[in-house]
There are 2 protein chains.
Amino acid sequence: MIDAERKFREYLSEKGLRFTSERLAILLHVMSLHEHFAVDDLHHQLRQKGLSISHATVFRTLALLIDCGIVQKLPCEKMPARYEHIFGHLHHDHMFCLRCGRIIEFHNAPIERWQQKVAEEHRFQMTGHHLIIRGYCEKCH
Amino acid sequence: MIDAERKFREYLSEKGLRFTSERLAILLHVMSLHEHFAVDDLHHQLRQKGLSISHATVFRTLALLIDCGIVQKLPCEKMPARYEHIFGHLHHDHMFCLRCGRIIEFHNAPIERWQQKVAEEHRFQMTGHHLIIRGYCEKCH
DNA sequence: ATAGTATTGATATTCGTTTTCAATTGCAAC
DNA sequence: GTTGCAATTGAAAACGAATATCAATACTAT
Ligand SMILES: [Mn+2]
Ligand SMILES: [Mn+2]
Ligand SMILES: [Zn+2]
Ligand SMILES: [Zn+2]
């Protein structure tokens, strides 16, 4: 059993929820993906594997995985949201290429620290943040 | 005539578009607002003034004002987008209080500089960015 | 005035996401 | 293992912000 499964099981158990075969299948597939994906991508890939999991269940399970801290949602303007597993990964932010749609990940410690500082200055209790840099990637200049 | 009106007139003229009474009314009302507003807020306020401007025209005109650089759209998760006029204002980012919905504005020069630097490091041509700090405001801790 | 085009409001449509609900399933207590 | 029951599921319907459609109207230039 992978660590993510253990974490998900504990989360569900604490909430009085059940560990179903659908939830396991979705968890395992999400953990096997190393890109940013849309709900439909995930749904199609599961069906290609021969699993007939409904659209609704994919949405519902992703919500659980987000609440559990295994998955992160990237709100995208003008297109369906993207998701990615973050369990086992360090925090990062994203650049979106407006031409080819490429998503580039980055981490910048000074930005993270200044965010903390700004929040403190406003006596704001930061629980998270969300930084997206829009523009054109190397190939699309 | 306020500066924003001059700018909007020039923008429309260059694009071969027309300066209509609806567009003027929306522009003036948007410039009079000093909060972040949803499309429905704006629409209702215009109707309260006795102006019968359609929903569609409000959306369409906001899109023009954004393209023109007078207005900015703040994508909100789980709720309709918010807008604000930025003409005559310096760039700023936002903190969203998850409890009371308050929006706090801030500007942090080091964050802006580091964003530029990160983009350059990835040979990414930044055209804009979007930073939202989520959490709880002073009153909502 | 006239013609040509942009704009409008009302309405319908889109589409990602959420909800509904009856049938099914997991799970804990017996 | 049987039972009881709430949680879960899939299919379909509903939702809702945003957009598209289109006939009527209003500018603009000639
Ligand atoms: Mn990522
Ligand atoms: Mn603002
Ligand atoms: Zn690109
Ligand atoms: Zn608050």
Atom CD of A:Glu22 and atom C1' of C:dA23 are separated, to the nearest Å, by 13 Å
Rounded distance in Å - CD (B:Glu77) to C1' (D:dG16): 17 Å
Is a side-chain donor-acceptor pair under 3.5 Å present for A:His36 with A:Glu105? yes
What integer distance in Å separates A:Ile26:CD1 from D:dT8:C1'? 12 Å
d(CG, A:Leu24; C1', D:dT8) in whole Å: 15 Å
Between B:Thr57 and C:dG9, is there a side-chain N or O to OP1/OP2 distance below 4.0 Å? yes
Might you work through the salt bridge (Lys or Arg N to Asp or Glu O under 4.0 Å) test for A:Glu5 and A:Arg9, ending with a clear yes or no? CA-CA 6 Å; A:Glu5 181 177 338; A:Arg9 278 182 186 276; 3.2 Å; yes
DNA chain D: 5'-proximal contact among A:Thr20 and B:Ser21 (nearest heavy atom): A:Thr20
So, does B:Thr61 use its side chain to make a donor-acceptor pair with the main chain of B:Thr57 at under 3.5 Å? yes
ring-ring contact (aromatic ring centres under 6.0 Å, His included): pairs with one or both residues in residues 11-35 of chain A, sequence neighbours excluded: A:His34-A:His85
Residues 44-75 of chain B vs ring-ring contact (aromatic ring centres under 6.0 Å, His included), sequence neighbours excluded, gives B:His43-B:His55, B:His55-B:Phe59
With a 3.5 Å cut-off and just heavy-atom distances, do the side chain of B:Arg18 and the base of D:dC27 make a donor-acceptor pair? yes
Could you write out each protein N or O paired with an N or O of nucleotides 17-21 of chain D at a distance under 3.5 Å?
| from | atom 1 | to | atom 2 | distance (Å) |
| --- | --- | --- | --- | --- |
| D:dA18 | OP1 | B:Ala81 | N | 3.4 |
| D:dT19 | OP1 | A:Lys78 | NZ | 2.8 |
| D:dT21 | O4 | B:Arg60 | NH1 | 3.4 |

Under a plain distance cut-off of 3.5 Å, with no hydrogens placed, do A:His92 and A:Glu84 share a side-chain donor-acceptor pair? yes
Within this structure, what is the CG-to-P distance between B:Leu51 and C:dT7, rounded to whole angstrom? 19 Å
Separation of D:dT8 P from A:Leu27 CG (nearest whole Å): 15 Å
Could you tell me if A:Gln72 and A:His91 have a donor-acceptor pair between their side chains, going purely by distance under 3.5 Å? no
Using a heavy-atom cut-off of 4.0 Å across all strands, would you classify B:Ser52 as base, sugar-phosphate, or nothing? sugar-phosphate
Nucleotide D:dT25, atom P - distance to CZ of B:Arg23 in whole Å: 19 Å
Rounded to the nearest Å, what distance is computed from the CG atom of residue A:Leu17 to the C1' atom of nucleotide C:dG26? 12 Å
